[in-house]
Structure formats: structure tokens, C-alpha cells
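Numbering starts at 1 and runs along the sequence shown. Atoms within a ligand are numbered from 1 in the order they appear, just like the ligands themselves. All values reported here derive from a predicted model rather than from experimental measurement.
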Amino acid sequence: MDQIKVLDKTFKKFIHFVQIQEAIARIAAEIDRELYGKNPLFLGVLNGVFIFAGDLFKMIQTPCSISFVKMASYLGTESTGKVHQLIGLQEDLTDRHVVILEDIIDSGLTIEMLLEHLNNHHTASVRIASLFFKPKAFKGHFSIDHIGIEIPNEFVLGYGLDYNGFGRNYRDLYVVTKDEDELVR
Ligand code: IMP
Ligand code: MG
């Protein structure tokens, strides 16, 4: 399927699953090389990351563990603006080599908030691995240690990423079509 419809939008195939798997294999090799024997703890940011985390985890050779967290954002009072709460962290991170796993980094705000939370946890190290990255949208002040594939600043879906909850189940990555694309069809 080269074109799919999800809710009210049309998407076209953008990155084939084979290319995605190759990017994940490269990230897994990088992490193994850098953290072998250090018992890394992977920390996946739900929901979108679940497919990437599963595929990556199977390719990791070093002994390791995995856990998942969620960043919930809601509007606080007028003065505090948007409040980001960390949900689901049960692990003791003391002296652990943490690898944050994200499906995609866009503005970088989610990870920035998560890093702030992790600051108080006396970790041995914190690394960041993101399958997709939109460099043109990025406003973060942190560096990303492992990037799978850089993509343009456009809305994508599939391979765990959703549009209003739908479309996570596609194995390839799709990009939203613009009106011009629709006319060409
Ligand atoms: P950030 O905080 O702006 O970096 O956004 C990170 C989160 O927004 C990701 O974990 C995704 O859940 C979601 N997101 C960002 N861009 C897209 C996209 O193109 N499609 C689907 N979800 C996205
Ligand atoms: Mg996400």
C-alpha cells in the first residue's frame, strides 16, 4: 500500500520497513559498543516507542533491562503554563547507565522535560536514542547520542507513530500528503 487513509488524512509511503530495520541495527551496534558489560537500563517513552523499543531490544547483545515511562502534559495554572509530569518510573536509577528511547524527536520538549526529571536520580550516565529526528523542528539544548533516520519537518505516521491514536500498526513510515499531492493523483 503506497497510499493510506487514516481518519481524515491521506498519507503516502515514505520510509520502507527494511530501511527502518537497518537503522535500528546500527543503533543497537552503537549502544552495544559503547555500553557493553555496563548493564544498561533502557527507558522507553510511551506510547509511540513500543515497536521501536521491541525491535531494538531484540538486537542488543549486552545484558540489559528495560522499563517504560510516560510524559503526561496538561495545562497548569496560568503562571506555570504547561506542566509535564513523569509517570511510571519505578526503577532505582542510582549508578545505572540509562538509555532513553524515543520514537521521534520533534521540538525536543518531551525529552528536555524528562532529562530534568532524571537529574535528581544519580544515574551513572544518560544517553538518548531516537529512531526518527526532525532537525528543522528541534529546539532542545541536549545532544542526541543515537539517531536512526533524519526526516523533514512534516507529520509522519506508522511504525508506532500515530495520528490521533490511529496508524501505529503500519510497519513502514508514512508522511501526510499535501493538497498538491492530492491533485496530482
Ligand atoms: P517533541 O516533544 O516535540 O520532541 O515531540 C515528541 C513527541 O511528539 C513524540 O514522542 C511523538 O509522540 C510526537 N510526535 C512528534 N512528531 C510526530 C509526527 O510527525 N507524527 C506522530 N507523532 C509525532
Ligand atoms: Mg513519543
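Residue pairs meeting the side-chain hydrogen bond (donor to acceptor under 3.5 Å, both in side chains) criterion with at least one member in residues 132-143, sequence neighbours excluded, are Asp106-Lys134.
Judged by distance alone, with hydrogens and angles left aside, the side-chain atoms of His16 form a donor-acceptor pair with the main-chain N or O of Val18 at under 3.5 Å. Asp172 contributes a side-chain N or O that, together with a main-chain N or O of Phe17, makes up a donor-acceptor pair within less than 3.5 Å.
Taking NE2 of His84 as the reference point, atom CG of Leu114 lies at 11.5 Å (rounded to 0.5 Å).
A tilted orientation is assigned to the rings of Phe11 and Phe155, their planes being inclined by 30° to 60°.
Using a 4.0 Å cutoff on heavy atoms, Gly48 does not count as a contact of ligand 1. In this structure, Asp162 counts as a contact residue of ligand 1, since one of its heavy atoms falls inside 4.0 Å of the ligand. The shortest heavy-atom distance from Lys134 to ligand 1 is under 4.0 Å.
Comparing Leu161, Ile111, Val156 by heavy-atom distance to atom 20 (N) of ligand 1, the nearest is Val156.
Taking the charged nitrogens against the carboxylate oxygens, Glu22 and Arg26 have no contact shorter than 4.0 Å, which rules out a salt bridge.
Near Gly108, with a cut-off below 4.0 Å to any heavy atom, the atoms of ligand 1 are 1 (P), 3 (O), 4 (O). In summary, the atoms of ligand 1 found under 4.0 Å from a heavy atom of Glu102, numbered by their order in the structure, are 10 (O). Counting the atoms of ligand 1 from 1 in the order shown, those under 4.0 Å from a heavy atom of Leu109 are 2 (O), 4 (O). Every atom of ligand 1 with a heavy atom of Thr110 under 4.0 Å away is listed here by number and element: 1 (P), 2 (O), 5 (O), 6 (C). Residue Asp106 has at least one heavy-atom neighbour below 4.0 Å for each of these atoms of ligand 1: 1 (P), 3 (O), 4 (O), 5 (O), 15 (C), 16 (N).
Using modelled atom types and a 3.5 Å distance limit, the side chains of Ser125 and His97 yield a donor-acceptor pair.
Counting heavy atoms under 4.0 Å from ligand 1, residue Asp103 touches it through the side chain alone. Residue-level proximity to ligand 1 for Glu154 is carried by the backbone, the only part with a heavy atom below 4.0 angstrom.
Taking the side chain as every heavy atom from C-beta outward, Ile105 and Ile128 approach each other to under 4.5 Å.
Considering both main-chain and side-chain atoms, Ile105 never comes within under 3.5 Å of ligand 1 through any nitrogen or oxygen pair.
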